[in-house]
Amino acid sequence: MDILGLFKHADTMLDAAKRLESAGYAFTVFSPVPLVHEIDHAFGERKSYIKYFTFFGGLSGFFTGTLLALGTAALYVLPRGGRPIFFITPTLIISYETTILFGVGITLLSFFLFAGLPSFKKDVPSPEAAIDSFGLLVDDIREDEFVKLEKILKESGADEVKRVEEE
Amino acid sequence: MANQKSSVGIRGMEIKTLPKHDQSHISYREINEDILRFMTQTGPGYYIVLGALFLLTILLYALPWAYQIYTGQGVTGLNVPVFWGVYLVNFVFWVGVAHAGTLISAMLYITETPWRRAIARGAETMTLFALVIVTFFVFIHMGRPWNFYWSFPYPNTRQLWTSFQSPLMFDVFAIGTYFTSSVIFLYFGMIPDLASLRQSSTGWRKSLYRVMSLGWRGTDRQWHMHGKACMFFSSFIMPLVVSVHSIVSWDFALSVVPGYSKTVFAPYFVTGALLSGFAGVLLMLTVIRWFFPIMKKYVTAYHFDRIGIIILVLSLTWSYCTLMEVVTGLYANTSQELEHLKFKLLTPPYSYLFVLMIFSNTLVPLSLMIRKIRSCEIGMFFICIFVLIGMWLERYLIVPNSLSRKFLPWMWHDYFPSWVEVSITVGAVCFFIFMFMAFIKIFPVVSLFEVKEDAGIPMKKGH
């Protein structure tokens with residue numbers, strides 16, 4: 001069983017989250033808008049590993065572009081007006097584009113990986129949390145914990161507290 | 001349209017300023033309802049216009065193209081030495097129109113400019129469909145579009161290998177990367193909105209949004225990752241925008257043809273692309289505001305004012321580049337360059353087109369110095385139309401016109417587009433508007449979560 005507190009205001013939701021944290025509960029915040037700065041401010045900055053993927057995506061793109069341009073020139077030699085077979089300037093242009101292409105593609109894949117998408121197993125615990133409310137969800141709680149958590153959430157200013165049954 | 005307020009400036013003079021972009025009076029639920037209403041409440045007039053555009057696309061675009069494929073490229077006005085005609089003029093023009101969309105999103109995201117939020121999605125959508133048109137024009141120009149795979153580097157028996165030293169190959173990679181990145185950027189930004197709309201929609205929309213939102217729940221972790229990825233996308237896309245049109249300019253500038261071989265072309269083309277792109281975005285916003293008054297809540301006078309200033313700056317930069325293009329040609333003082341300039345600037349009808357181009361891109365946008373005009377919808381509508389015409393003419397005066405006076409006089413040949421080329425050009429505009437109109441009724445044209453950010457995060461104790 002899960003418990004969900006719905007809040008109209010982000011700051012009251014964050015107060016409740018702090019109380020839950022000090023009570024030793026893990027929780028998930030749901031919001032219709034990004035609260036990245038507010039959550040970082042309240043609970044400290046979180047790490048993101050997307051940047052490493054982006055960097056290696058870009059790097060692999062650069063090498064792929066270089067290999068494609070120079071490799072094609074090596075395999076199928078086309079002498080053109082005295083120009084060198086392996087020409088750095090045009091190769092860099094191709095590499096530049098593939099750096100961006102791979103960088104963007106790998107960033108998207110890493111976003112999916114870290115954001116847990118696609119995943120159709122669980123829905124938003126309450127439709128309001130996707131439209132105009134901030135949700136605080138504590139999952140896998142025992143029946144006897146419900147009352148305690150309900151009290152914490154209500155005291156912190158939750159407009160509604162819901163019992164969410166697992167699907 | 002604009003609600004003006006006054007403040008006191010230097011020397012005690014009263015200065016009228018537009019109110020800052022403020023959406024704090026709009027509630028989150030209202031935003032959801034407004035956008036869903038915009039998407040779902042479609043009157044018969046909309047379907048009639050959509051149907052007419054579809055018909056025009058078939059008549060003016062698809063059928064003439066089919067005729068051209070069946071009959072051959074001889075139905076166009078292309079002939080020795082002018083093998084680059086209106087199709088490539090349109091190609092360059094539409095790449096330019098595609099420019100502002102992603103740039104508005106990416107550049108203004110990085111600089112955290114708040115007024116971007118309401119217009120970014122519409123601009124990104126415009127980018128996507130402009131790029132669709134661009135791709136089609138490459139195929140139309142090809143003559144035998146089914147052989148497009150010949151441009152791929154793979155071992156073959158024709159003994160024709162892809163040359164990575166050709167700027168046309170740079171184009172394949174640049175446009176391909178730009179198209180892919182723009183689709184990703186547009187879709188990526190839409191994921192939270194589709195999840196939100198799923199909650200309040202029904203029927204096929206609900207199913208579609210459910211699948212396309214990929215199970216987005218709006219957890220803090222997902223938002224965190226979304227923000228990080230968005231920053232990286234923006235950082236990649238900004239230089240990409242510059243590189244794409246630089247590369248398009250090198251299609252011409254890396255040759256030795258008089259009128260093409262100019263070092264100023266890369267910044268000239270990028271500036272021109274941004275100018276036409278911003279004019280395109282503003283035109284689209286104006287039309288949306290006229291036909292859907294509900295959008296006036298989100299696209300305000302402030303947007304017109306800001307974009308108006310950007311267009312003015314771009315117009316002045318473009319004018320400087322045009323001057324440089326002419327002056328450096330004169331300074332080169334070679335007979336072929338002078339012949340080309342004489343043909344472009346002094347020979348009718350091209351001299352008239354040149355004057356019209358300067359009028360549209362330099363003189364008309366100067367009126368944007370007046371704040372009242374920047375805030376006037378009708379005024380902005382006509383300025384944008386002029387800029388778009390001017391930018392199309394600029395490409396026309398470069399692409400086929402330079403080839404018409406190519407080196408020795410025995411090669412000279414005037415180019416006039418045939419009815420097939422004119423029809424496909426007009427049909428492409430219909431096709432673009434058709435795709436755009438269909439899209440905005442299926443997907444949100446305003447970014448819900450970003451407009452909600454504009455409205456402010458509700459705090460009990462205040463910010």
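Below, chain A is the first sequence line, B the second, and so on; all start at residue 1. We use all heavy atoms of the structure for the numbers below, so side chains are in, but hydrogens, waters and symmetry mates are not. It should be emphasised that the depicted structure is a prediction, and the values quoted were computed from it without experimental measurement.
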- Item | Contacting region of B/R210 [heavy-atom separation from chain A under 4.5 Å] | both

- Task: Please flag which part of A/I85 lies under 4.5 Å from any non-hydrogen atom of chain B: side chain, backbone, both or neither.
- Result: backbone

- Item | Which atoms of B/P239 approach chain A - backbone, side chain, both or neither, heavy atom under 4.5 Å | both

- Most chain A-contacting option - heavy-atom pairs closer than 4.5 Å, from B/F449, B/W250, B/F233: B/F233

- Should B/I457 and A/F134 be marked as a side chain to side chain contact (heavy atoms under 4.5 Å, CB included) after you check the CA-CA gap, both sets of side-chain angles, and the distance that decides it? CA-CA 10 Å; B/I457 294 167; A/F134 300 93; 4.1 Å; yes

- Message: Treating B/R221 as the side-chain partner and A/F114 as the backbone partner, does any N or O pair qualify as donor plus acceptor under 3.5 Å?
- Response: yes

- Query: Can you tell me how far the OG1 atom of A/T54 sits from the CE atom of B/M231, to the nearest 0.5 Å?
  - Reply: 12.0 Å

- Task: Measure distances from A/K51 to the heavy atoms of chain B and classify the residue's part below 4.5 Å as side chain, backbone, both or neither.
- Result: both

- Which one, B/T180, B/V244, B/L240, leads in non-hydrogen pairs under 4.5 Å with chain A? B/L240

- Message: So, taking the atom named CE in B/M225 and the one named CG in A/L113, what distance separates them when rounded to the nearest 0.5 Å?
- Response: 9.5 Å

- Query: What residues, two or more places apart in sequence or in another chain, satisfy ring pair (Phe, Tyr, Trp, His ring centres under 6.0 Å) together with B/F91?
  - Reply: none

- Checking heavy-atom separations under 4.5 Å from chain B, one finds in residues 64-73 of chain A A/L68, A/A69, A/T72

- Item | Any donor-acceptor pair under 3.5 Å from B/K452 side chain to A/I131 backbone | yes

- Query: Is there a donor-acceptor pair closer than 3.5 Å between any side-chain N or O of B/Q165 and the backbone N or O of A/P84?
  - Reply: yes

- Message: Need one label for B/I247: side chain, backbone, both or neither, based on atoms under 4.5 Å from any heavy atom in chain A.
- Response: side chain

- Query: Does any heavy atom of chain A fall under 4.5 Å from the side chain of B/I191, the backbone, both, or neither of them?
  - Reply: side chain

- Sort B/F173 into side chain, backbone, both or neither according to what part of it lies under 4.5 angstrom from a heavy atom of chain A. both

- Atom group of B/T219 that falls short of 4.5 Å from chain A, counting heavy atoms: both

- Item | B/M459 CE to A/K8 NZ distance, which is reported to the nearest 0.5 Å | 15.5 Å

